[in-house]
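What follows is a single structure, written as structure tokens, with notes after it.
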Amino acid sequence: MYPINVDLRNRPCLVIGGGTIAERKAARLLDEGAVITVIAPEATDTIKDWAASHRLTWKARAYEVGDEKAYFLIICATDDESVSRAASQAAEKEGKPINVCDVPQLCSFTLPAVVRQGDLQLAISTNGKGPAFSRWLRQRLERHFDERYSRWLEEVARVRQAAREGLPSSKDRHAFWRTALSDDIMDLVEQNDIDEAGRRLFQKLVEFERSRHET
Ligand SMILES: C[C@@]1(CC(=O)O)c2cc3[nH]c(cc4nc(cc5[nH]c(cc(n2)[C@H]1CCC(=O)O)[C@@](C)(CC(=O)O)[C@@H]5CCC(=O)O)C(CC(=O)O)=C4CCC(=O)O)c(CCC(=O)O)c3CC(=O)O
Ligand SMILES: NC(=O)C1=CN([C@@H]2O[C@H](COP(=O)(O)OP(=O)(O)OC[C@H]3O[C@@H](n4cnc5c(N)ncnc54)[C@H](O)[C@@H]3O)[C@@H](O)[C@H]2O)C=CC1
């Protein structure tokens, strides 16, 4: 399985099915800013609310082969296996990525468990072997990678910008970053002293730049 990060903002995505699982998948697509259409004869109250408030479009009918053509990505979550097979076949034929919830053989992509903390994301897969273990890992990692790490990422981004300006050679920037995130700095992050960790990282950059100017 080849993990990628897809930008779904304003991209049309299709959810086939309107039950609780479809609702969960639609919620995740909404978080990503996708433009969502749900096709299903029946829908949960939440999906109906989202449709009423124009957060997504609900077409109250059964899936038909060809529906997938207008969409960038398809998620299928019905209780009818013949629908899953038809949608999977049609999507493959159209070259569209499809996830059929809980039927890995019919998926061209599967969904990882995701830890999200600001711009930091950790995606977990077990290659389909144990999704409950993915869920457990997500909960465990969520406890560790709390907002200390998203704040730290902002510091890293700031120093990275400064490194781009101060170190014109990409070889130098690589050399700097290879040693920049040292244990003493990352220990400070763990201890929630983000400001001091940021100062030390910036200081390291200044020293590195100086050493480059001297050589
Ligand atoms: C292959 C994959 C395809 C896909 O759906 O994308 C798939 C397949 C299947 N899931 C099944 C069941 C369960 N799935 C979960 C939970 C999650 N499942 C997710 C992903 C994936 N599930 C993909 C692989 C991910 C990987 O590689 O690890 C997560 C990570 C993401 C998400 O769904 O958004 C989300 C956790 C999110 C979170 O909490 O963060 C739980 C636990 C629970 O809900 O508490 C159970 C019950 C326990 C159990 O049965 O194991 C079954 C059997 C169905 C049956 O027997 O009826 C199959 C089918 C099969 O394995 O054949
Ligand atoms: N609910 C759960 O926790 C779990 C569910 N599953 C499986 O995931 C699938 C979906 O589960 P739920 O959302 O709970 O099911 P559900 O029974 O709540 O919803 C099924 C949805 O599929 C729609 N549907 C039926 N035929 C359709 C068609 N021809 N075209 C479009 N939509 C159609 C229905 O209108 C309904 O909205 C099922 O196969 C279920 O066995 C698997 C693991 C856990």
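Atoms within each ligand, like the ligands themselves, are counted from 1 in listed order.
Remark: atom 50 (O) of ligand 1 lies closer than 4.0 Å to no protein heavy atom. For atom 10 (N) of ligand 1, the nearest protein heavy atom lies under 4.0 Å away. For atom 57 (O) of ligand 1, the nearest protein heavy atom is 4.0 Å or more away. For atom 25 (C) of ligand 1, a protein heavy-atom neighbour is found at a distance under 4.0 Å. Atom 9 (C) of ligand 2 is approached by the protein to below 4.0 angstrom, counting heavy atoms only. For atom 6 (O) of ligand 1, a protein heavy-atom neighbour is present inside the 4.0 Å cut-off. Distance remark: protein heavy atom present below 4.0 angstrom from atom 30 (N) of ligand 2. For atom 53 (C) of ligand 1, the nearest protein heavy atom lies 4.0 Å or farther away.
The local environment of CD in Glu190 is crowded, with over 12 non-hydrogen atoms from other residues, nucleotides or ligands closer than 6.0 Å. With a 6.0 Å radius and a threshold of 12 heavy atoms from other residues, nucleotides or ligands, Asp119 has its CG atom at or below the threshold. By the 6.0 Å contact criterion, CZ on Arg148 is enclosed, its count of non-hydrogen atoms from other residues, nucleotides or ligands being greater than 12. More than 12 heavy atoms of other residues, nucleotides or ligands lie within 6.0 Å of CD in Glu165, so this atom counts as buried by the packing criterion.
Judged purely by atom type and a 3.5 angstrom limit, Ser88 uses its side chain to pair as donor or acceptor with the backbone of Leu106. Using a distance-only test at 3.5 Å, with no hydrogens or angles considered, no donor-acceptor pair links the side chain of Trp50 to the main chain of Trp58. Checked by atom type and distance alone, the side chain of Lys59 never pairs as donor or acceptor with a backbone atom of Thr37 at under 3.5 Å.
With sequence neighbours left out, the ring-ring contact (aromatic ring centres under 6.0 Å, His included) criterion links Phe145 to Tyr149. The salt bridge (charged side-chain N to carboxylate O under 4.0 Å, His left out) search around Arg135 returns none, not counting sequence neighbours.
Taking atom 13 (C) of ligand 1 as the reference point, the nearest protein heavy-atom neighbour is Pro131 CG, 4.0 Å. Looking only at heavy atoms of the protein, atom 36 (C) of ligand 1 is closest to Arg135 CB, 4.1 Å. For atom 32 (C) of ligand 1, the nearest non-hydrogen atom of the protein is Lys25 NZ, 3.4 Å. The protein heavy-atom contact nearest to atom 27 (O) of ligand 1 is Gly128 N, 2.8 Å. Looking only at protein heavy atoms, the nearest one to atom 6 (N) of ligand 2 is Asp102 OD2, 3.5 Å. Closest to atom 38 (C) of ligand 1, if we only count protein heavy atoms, is Arg138 NH2, 3.4 Å. Counting only heavy atoms of the protein, atom 25 (C) of ligand 2 lies nearest to Asp79 OD1, 3.4 Å. For atom 48 (C) of ligand 1, the nearest protein heavy atom (residue, atom name, distance) is Ala132 CB, 4.2 Å. For atom 35 (C) of ligand 1, the nearest non-hydrogen atom of the protein is Arg24 NH2, 4.2 Å. In terms of protein heavy atoms, atom 14 (O) of ligand 2 is closest to Thr20 OG1, 3.1 Å. When only non-hydrogen protein atoms are considered, atom 59 (C) of ligand 1 lies nearest to Asp102 O, 3.0 Å.
When non-hydrogen atoms are compared, ligand 1 lies under 4.0 Å from the backbone of Ala113 as well as from its side chain. Residue-level proximity to ligand 2 for Ile21 is carried by backbone and side chain together, each with a heavy atom below 4.0 angstrom. When non-hydrogen atoms are compared, ligand 1 lies under 4.0 Å from the side chain of Arg28 (C-beta onward) but not from its backbone. The side chain of Asn99, and not its backbone, has at least one atom closer than 4.0 Å to an atom of ligand 1 (non-hydrogen atoms only; side chain from C-beta on). At a heavy-atom cutoff of 4.0 Å, ligand 1 is contacted by no atom of Lys129, backbone or side chain. Proximity of Thr78 to ligand 2, defined as any heavy-atom pair under 4.0 Å, is shared by backbone and side chain alike. Residue Ile39 touches ligand 2 through its backbone alone, judged by heavy-atom distances below 4.0 Å. Looking at Pro104 against ligand 1, only its side chain comes within 4.0 Å, counting heavy atoms.
Ligand 2 has a nitrogen or oxygen under 3.5 angstrom from a nitrogen or oxygen of Glu42. Any N or O atom pair closer than 3.5 Å counts here, and Tyr63 shares at least one such pair with ligand 2. Residue contacts with ligand 2: Gly18 is placed with a nitrogen or oxygen under 3.5 Å of a nitrogen or oxygen of the ligand (distance criterion only). Ligand 2 has an N or O atom lying under 3.5 Å from an N or O atom of Gly19, backbone or side chain.
Proximity annotation for atom 21 (C) of ligand 1: of Val115, Leu111, Ile124, Leu111 comes nearest, heavy atoms only. Checking Asp67, Asp80, Val83 against atom 28 (C) of ligand 2, the nearest heavy atom belongs to Val83.
Under the 4.0 angstrom criterion for non-hydrogen atoms, Cys101 is not in contact with ligand 2.
Near Ile16, the atoms of ligand 2 lying under 4.0 angstrom from a non-hydrogen atom of the residue are 31 (C). Here is the list of ligand 1 atoms found below 4.0 Å of a heavy atom in Ser134: 26 (C), 28 (O). Atoms of ligand 2 lying under 4.0 Å from any heavy atom of Gly17, numbered from 1 in the order shown and given with element: 22 (O), 23 (C), 32 (N).
Between Val159 and Trp177, some side-chain heavy-atom pair lies under the 4.5 Å cut-off.
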Original post:
Where do Glu207 and Lys204 land on the salt bridge (charged side-chain N to carboxylate O under 4.0 Å, His left out) test, with the steps shown first?
Top reply: CA-CA 5 Å; Glu207 280 161 21; Lys204 257 193 176 172; over 6 Å; no
**OP:** Please test Trp152 against Leu120 for side-chain contact (heavy atoms from CB on, under 4.5 Å), starting from the C-alpha separation and ending with a verdict.
**Re:** CA-CA 10 Å; Trp152 173 239; Leu120 178 67; over 6 Å; no
Subject >> Audit row: Asn127, Ser125, side-chain hydrogen bond (donor to acceptor under 3.5 Å, both in side chains) steps and yes/no >> reply: CA-CA 5 Å; Asn127 202 17; Ser125 160; 5.3 Å; no
Subject >> Worked check of side-chain contact (heavy atoms from CB on, under 4.5 Å) between Leu167 and Leu205 >> reply: CA-CA 9 Å; Leu167 296 170; Leu205 174 63; 3.8 Å; yes
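One finds the CD atom of Glu32 at 9.5 Å from the CG atom of Asn5 (value rounded to the nearest 0.5 Å). Going from atom CD of Glu42 over to atom OG1 of Thr78 covers 13.0 Å, rounded to the nearest 0.5 Å.
Under 4.0 Å is where a charged nitrogen must lie from a carboxylate oxygen, and between Glu154 and Arg158 no such pair does. Glu81 and Arg85 are joined by a salt bridge, as a carboxylate oxygen and a charged side-chain nitrogen come within less than 4.0 angstrom of each other. In this structure, Arg200 pairs ionically with Glu196, as a charged nitrogen and a carboxylate oxygen lie closer than 4.0 Å.
The cluster map of Ile, Leu, Val, Met, Phe, Trp and Tyr, joined by side-chain heavy atoms under 4.5 Å apart, puts Ile75 and Leu56 in the same cluster.
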